[in-house]
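So the structure is just underneath, and the comments pick up after that.
Side-chain atoms are counted along with the backbone in the values below, which use heavy atoms only and exclude waters and symmetry mates.
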Amino acid sequence: MSTTVEPTPIARVPIRIRWRDLDAFNHVNNSTFLTYLEEARLQWFAALGEGWISAAGAPVIAASQVNFRRQLTWPGEIVVELFIERVGTTSLTLAHRIVGADDGHVYSDGSVVLVWIASDSGRPVALPDVVRNAST
């Protein structure tokens, strides 16, 4: 018998669904899922303290993948969970999932690739130490 071990989230960010998040079909619009994921990433970065963004480099999204598993409706509360999937030289892949705060159902999952780039050249730069250290 094999046992599946759940990875430990690096962040769990609670978010209350707002009325304005709904679309004409009365469920949370697909683009709003991306906003929830962005909020969770920014809260994780903020918790790292200074150094994740600087004049030398800042993260940009190179790829984003979202699997929509269930419809979200209002009212409700969700939790966005972030996980380290891969740490590269200049990039970081974060897995994510959105779960119901009360029921634990998975509403979406996927990943995002962040690449740190120099603001003056747009060229990739090394991951900041604070990000690399938080990711190991």
Side-chain angles (χ1 to χ4, degrees):
M1 176 189 332
S2 69
T3 310
T4 303
V5 177
E6 278 287 313
T8 303
I10 57 168
R12 297 187 84 248
V13 178
I15 296 176
R16 183 178 303 272
I17 297 171
R18 302 161 301 190
W19 177 262
R20 71 179 185 177
D21 295 345
L22 304 181
D23 61 16
F25 296 106
N26 211 29
H27 64 260
V28 173
N29 187 272
N30 64 304
S31 64
T32 305
F33 279 67
L34 295 169
T35 301
Y36 296 156
L37 300 173
E38 175 186 56
E39 179 65 24
R41 284 192 307 273
L42 289 171
Q43 286 198 32
W44 178 63
F45 285 142
L48 296 180
E50 294 184 22
W52 67 272
I53 189 171
S54 69
V60 296
I61 294 177
S64 181
Q65 187 230 352
V66 181
N67 303 305
F68 300 98
R69 305 292 182 190
R70 292 175 175 250
Q71 292 183 15
L72 275 172
T73 58
W74 179 90
E77 293 186 25
I78 58 168
V79 176
V80 179
E81 298 176 330
L82 300 178
F83 306 88
I84 299 297
E85 193 169 277
R86 182 186 167 279
V87 179
T89 304
T90 62
S91 66
L92 173 68
T93 303
L94 293 176
H96 53 75
R97 69 181 172 197
I98 294 176
V99 299
D102 295 331
D103 60 19
H105 289 137
V106 176
Y107 289 87
S108 76
D109 56 24
S111 63
V112 63
V113 177
L114 300 161
V115 177
W116 266 254
I117 63 166
S119 58
D120 57 350
S121 69
R123 304 286 304 155
V125 296
L127 281 179
D129 288 340
V130 67
V131 174
R132 182 171 302 286
N133 294 339
S135 303
T136 56

By side chain to side chain donor-acceptor pair (under 3.5 Å) - contacts of E38 (at least two apart):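 Counting only residues at least two positions away or on another chain, E38 forms no side chain to side chain donor-acceptor pair (under 3.5 Å).
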Counting heavy atoms not belonging to R16, are there more than 12 under 6.0 Å from its CZ?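 Atom CZ in R16 is not crowded, with 12 or fewer foreign heavy atoms closer than 6.0 Å.
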Taking all heavy atoms of [X] and all of [Y], pick out the closest pair and write down the distance.
X: A134; Y: L48; value: CB-CD2, 3.3 Å
X: G51; Y: V130; value: C-CG1, 3.5 Å
X: W52; Y: P59; value: CZ3-CG, 3.9 Å
X: G57; Y: V125; value: CA-CG2, 4.1 Å
X: L127; Y: S91; value: CD1-O, 3.5 Å

Got [X] and [Y] here, is their nearest side-chain heavy-atom distance under 4.5 Å?
X: I17; Y: I78; result: yes
X: L37; Y: V112; result: no
X: S108; Y: Y36; result: no

If I take atom CG from residue L94 and atom OG from residue S111, how far apart are they, to the nearest 0.5 angstrom?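 OG of S111 is found 9.0 Å from CG of L94.
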CH2-CG distance between W116 and L92, expressed to the nearest 0.5 angstrom: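 Nearest 0.5 Å value for the CH2-CG distance: 5.0 Å.
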Honestly curious: do L72 and V106 fall in one hydrophobic cluster under the side-chain, below-4.5 Å linking rule?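 No, because L72 and V106 fall into different hydrophobic clusters, even though each may have its own neighbours under 4.5 Å.
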Parallel, tilted or perpendicular: which one describes the rings of F68 and F33, with boundaries at 30° and 60°?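 F68 vs F33 ring planes: perpendicular.
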Relative to each other, are the rings of H105 and Y107 parallel, tilted or perpendicular (30° and 60° limits)?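 Correct class here is perpendicular.
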Those residues that, when tested against F83, pass ring pair (Phe, Tyr, Trp, His ring centres under 6.0 Å) (two or more places apart):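 F83 satisfies ring pair (Phe, Tyr, Trp, His ring centres under 6.0 Å) with no residue once adjacent residues are dropped.
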According to the salt bridge (charged side-chain N to carboxylate O under 4.0 Å, His left out) rule, which pairs have a member within residues 99-116, sequence neighbours left out?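 Qualifying pairs: R69-D109.
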